[in-house]
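Report on one structure; see the data block that follows.
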Amino acid sequence: MTIPDHYIEKIRAVYPNSSLDRLELNQDGMNNDVIIIDQKLVCRFPKTKWAKENLAIEVNILQLVQSFIDLPIPQIDLVEEDFVSYPFIEGEPLSRNKLLRLESSAQEKASAQLAEFYQQLHSIPKDILETSGIATSVGERTREEMLNLYQQVQEILFPHLWKHQRTWIDEHFEPLVKGNLTLEASPVLIHGDLGCYHILFNSEQQKISGIIDFGTAGMGNPAIDFASLLDNYGESLMKRMDRYYPGLERLIDQARFRAGTVWLQWALMGVQQQDTELLLAHIGSSARDIQPLGVPW
């Protein structure tokens with residue numbers, strides 16, 4: 001994959017002493033192109049005007065949370081309107097298969113690390129967050145927005161789905177429609193998109209080595225963060241985390257519901273925009289052991 005010349009020119013301008021012997025280009029992200037230099041430095045280039053604005057918000061959040069989080073997160077080095085860099089964090093994405101192949105003790109350690117990360121993130125004092133002017137996460141969805149999603153799914157996706165798929169969707173939204181499920185909770189600072197590709201794992205040390213990509217971080221319902229983990233790892237991980245994150249059980253049905261809407265949102269966008277990439281975005285990254293809403297924890 002060829003790296004655009006203007007990216008290389010930018011890197012040489014800000015890091016004139018870098019050898020650039022080993023450059024890796026990652027264009028998988030929707031908002032940023034990423035170049036890794038010699039496995040030492042990460043350079044991110046926003047793809048659109050919106051991505052530039054979002055990157056500035058992410059930098060603000062990263063700089064704010066540094067003193068509250070124990071796990072390594074990006075430590076910003078240079079910031080410009082169309083460029084951000086930070087030291088490389090070693091590790092590989094922690095896929096569900098990789099996690100489940102670990103010894104039980106290593107699975108327990110990873111679960112504890114994730115729970116403690118969320119506990120620290122969600123516990124940042126509200127006065128500090130208010131002073132920093134952090135906005136609502138783009139991952140937040142109100143009851144009204146979810147009901148609107150349901151209506152769009154019925155109108156746009158149902159004609160493409162089999163009967164058992166339509167039945168599952170109706171059953172999934174039923175508690176929300178009848179008012180038996182609330183999506184309300186005291187807002188905290190959330191990551192918003194902690195998929196397996198944003199959790200780095202050091203195989204040699206058998207532990208999580210870092211958390212990356214705070215592009216969807218902001219104020220929101222903590223159940224959104226647990227929905228990401230449910231979607232990627234299932235309830236087996238969540239039950240391990242329960243002992244390290246007090247009150248997790250109270251959020252489980254909200255997390256189950258939100259996790260169940262992830263594929264629907266991507267599929268809806270893919271059909272509306274006639275974009276195959278969106279339709280296929282989450283293949284291979286979702287778990288299957290998510291219980292229906294209301295099943296005892």
Would you kindly say whether [X] and [Y] are connected by a side-chain donor-acceptor distance under 3.5 Å?
X: Tyr244; Y: Glu108; value: yes
X: Gln66; Y: Gln75; value: yes
X: Gln39; Y: Glu24; value: yes

Starting from [Y], can I reach [X] by hopping between I/L/V/M/F/W/Y residues whose side chains sit under 4.5 Å apart?
X: Leu64; Y: Ile190; answer: no
X: Ile76; Y: Leu200; answer: no
X: Phe257; Y: Val295; answer: no
X: Met146; Y: Leu157; answer: yes
X: Val188; Y: Phe68; answer: no

Under the salt bridge (Lys or Arg N to Asp or Glu O under 4.0 Å) rule, what do Lys47 and Asp33 come out as? Steps first, then yes or no, please. CA-CA 7 Å; Lys47 298 179 181 182; Asp33 287 337; 3.5 Å; yes
Looking at Arg256 and Ile290, what are the two nearest heavy atoms and their distance? CG-CG2, 4.1 Å
Smallest separation among heavy atoms of Leu25 and Thr2, with atom names: CD2-O, 3.6 Å
Any chance the rings of Trp168 and His164 have centres within less than 6.0 Å? no
Which side-chain N or O atoms in residues 117-126 pair as donor and acceptor under 3.5 Å with protein atoms at least two apart or in another chain?
{"from": "Tyr118", "atom 1": "OH", "to": "Asp225", "atom 2": "O", "distance (Å)": "2.9"}
{"from": "Gln120", "atom 1": "OE1", "to": "Asp70", "atom 2": "N", "distance (Å)": "3.0"}
{"from": "Gln120", "atom 1": "NE2", "to": "Asp70", "atom 2": "OD2", "distance (Å)": "2.6"}
{"from": "His122", "atom 1": "ND1", "to": "Tyr118", "atom 2": "O", "distance (Å)": "3.4"}
{"from": "His122", "atom 1": "ND1", "to": "Tyr245", "atom 2": "OH", "distance (Å)": "2.7"}
{"from": "His122", "atom 1": "NE2", "to": "Asp225", "atom 2": "OD2", "distance (Å)": "2.8"}
{"from": "Ser123", "atom 1": "OG", "to": "Gln119", "atom 2": "O", "distance (Å)": "2.6"}

Is it true that Glu140 and Arg258 have a side-chain N and a carboxylate O under 4.0 angstrom from each other? yes
